[in-house]
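Working notes for the structure below.
Only a predicted model underlies this, so the values are computations on that prediction, with no experimental measurement involved. Here is how names work: the chains are called A, B, and so on, in the same order as the sequence lines, proteins then strands, and each is numbered from 1. Below, each value reflects all heavy atoms present in this structure, side chains not excepted, and no hydrogens, waters or symmetry copies.
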Amino acid sequence: MPELPEVETMVQGLRPLVEGETLLAVEAHDPKLVHVRPALDLPVEVRALARRGKYALFDLGDRLLVIHLRMSGRLAWGASAPEGRVRLALRFPDGAVYLVDPRRLGTAEVVREFKGELGPEPFGDLSWLPTALKGSRMPIKLWLMDQRKIAGIGNIYAAEILFRAGIDPRRPARGLEPAEVRRLENAIPEVLQAALAEAGTTLPDGVYQGPNGERGGFAVELSVYGREGEPCPTCGAPVQRMILGGRGTYFCPCCQR
DNA sequence: TCATCCCTGTGG
DNA sequence: CCACAGGGATGA
């Protein structure tokens, strides 16, 4: 479910609630996550809450609690348990952070160092992009979604970025023209920042919610994702759906070449 | 570079 | 009933 803008929204919402606060207890309501509790020396102060790629990182001093929400997870703050399948509860004096995850694909680990194999964040200076693209024959959409190449982009935003850049998702990364790479360099941060400004994307199913249950407002701005058969906002041709790398892929065959 | 699997829920 | 879902690790 959550890509960079959604994870960032959750982290920003939780940060003032947990930073400098004391983590009192951890309850695992899922056998897959029972290893988290005994790996911690409680109580412990949360020194910082950060995001890297699609990971949420609780800095506990000598340890790091690393949470990845995968497809259906979210982090919610509350005085009591929220609706839904609560897998993990992090107790603080004034409330708790709940990991809610119906599909149980989300992960939580306690480590000494974060060692996810992540590429650079998709903001700031992207001048490394042309060189990086040259080395790969992967379809550009799969390249954008490969977290080792660039961190934080998932299925929704890959589709939206490529639409904005006017590039067919199947094009090999190394085959992009310089002008196309430049459009990509612009589209990546533009799309992600726009989504961030709307607090992420909540699709009509309402799975994604912010830390206090808010919906993200970016769904209405999606140009192609989830819009098979609807008119392309630029040219009016019907948006097409195909399978690429096993994932549903939306694009405008007219505007993206 | 692929299919497959991990899980559960929802919608056609 | 089957198809599909905001992700990613794994093994062929």
Side-chain angles (χ1 to χ4, degrees), chain A residues 1-11 28-33 51-56 66-76 83-88 99-109 111 114-119 122 135-163 169-175 191-192 194-196 198-211 214-229 241-250:
Chain A
M1 163 189 85
E3 305 181 33
L4 185 153
E6 290 76 34
V7 178
E8 180 66 24
T9 298
M10 288 187 266
V11 163
H29 302 261
D30 187 324
K32 290 171 79 177
L33 301 178
R51 177 198 59 73
R52 176 80 173 92
K54 302 174 193 172
Y55 291 87
V66 181
I67 294 181
H68 195 298
L69 301 166
R70 288 291 213 281
M71 294 286 267
S72 64
R74 69 186 184 97
L75 294 174
E83 293 289 310
R85 301 304 185 85
V86 174
R87 305 298 176 189
L88 198 66
L99 169 58
V100 184
D101 185 8
R103 285 175 70 180
R104 301 175 59 206
L105 296 172
T107 59
E109 302 284 343
V111 298
F114 179 65
K115 56 181 194 308
E117 294 179 47
L118 293 182
S136 174
R137 286 168 304 188
M138 293 173 79
I140 184 60
K141 181 181 181 241
L142 301 192
W143 193 95
L144 289 172
M145 292 177 68
D146 186 336
Q147 303 301 299
R148 296 167 301 186
K149 304 271 196 294
I150 184 168
I153 300 170
N155 204 31
I156 291 181
Y157 297 114
E160 295 299 308
I161 286 165
L162 289 171
F163 174 76
R170 297 164 288 194
R171 295 273 302 283
R174 60 153 68 158
V191 168
L192 295 175
L196 210 41
E198 297 292 330
T201 299
T202 300
L203 295 176
D205 63 17
V207 169
Y208 165 70
Q209 299 176 20
E214 322 87 319
R215 297 175 66 89
F218 196 67
V220 293
E221 294 180 38
L222 294 176
S223 297
V224 290
Y225 183 86
R227 298 194 185 278
E228 182 181 18
R241 178 183 182 275
M242 61 185 289
I243 300 291
L244 193 58
R247 312 291 301 275
T249 299
Y250 300 87

Residues 217-226 of chain A side chain polar contacts: donor-acceptor under 3.5 Å, at least two apart:
none

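- Under the rule for a salt bridge (charged side-chain N to carboxylate O under 4.0 Å, His left out), A:Arg241 has no partner lying at least two apart in sequence or in another chain.
- Partners of A:Thr107 according to the side-chain contact (heavy atoms from CB on, under 4.5 Å) rule, which considers only residues two or more places apart in sequence or in another chain, are A:His68, A:Arg70.
- Listed by chain and number, the residues in a salt bridge (charged side-chain N to carboxylate O under 4.0 Å, His left out) with A:Arg103 amount to none (sequence neighbours excluded).
- In terms of the side-chain contact (heavy atoms from CB on, under 4.5 Å) criterion, residue partners of A:Ala199 (sequence neighbours excluded) are, by chain and number, A:Thr9.
- For A:Arg137, the side-chain contact (heavy atoms from CB on, under 4.5 Å) partners are A:Arg174, not counting sequence neighbours.
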Q.
Can you build the contact string for nucleotides 5-12 of chain B? Use B for base contact, S for sugar-phosphate-only contact, and - for no protein heavy atom under 4.0 Å.
A. -BBBS---

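- For the strand DNA chain B, secondary-structure stems (runs of at least three Watson-Crick or G-U pairs, all distances below 3.5 Å) span B:1-6 with C:7-12, B:8-12 with C:1-5.
- Remark: A:Glu8 pairs with A:Arg51 by the salt bridge (charged side-chain N to carboxylate O under 4.0 Å, His left out) rule, at least two apart or across chains.
- Contacts of A:Asp205 classified as side-chain hydrogen bond (donor to acceptor under 3.5 Å, both in side chains), with partners at least two apart in sequence or in another chain: none.
- With sequence neighbours excluded, no residue forms a side-chain hydrogen bond (donor to acceptor under 3.5 Å, both in side chains) with A:Arg247.
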What does the list of N/O pairs under 3.5 Å between the protein and nucleotides 10-12 of chain C look like, with a distance for each?
none

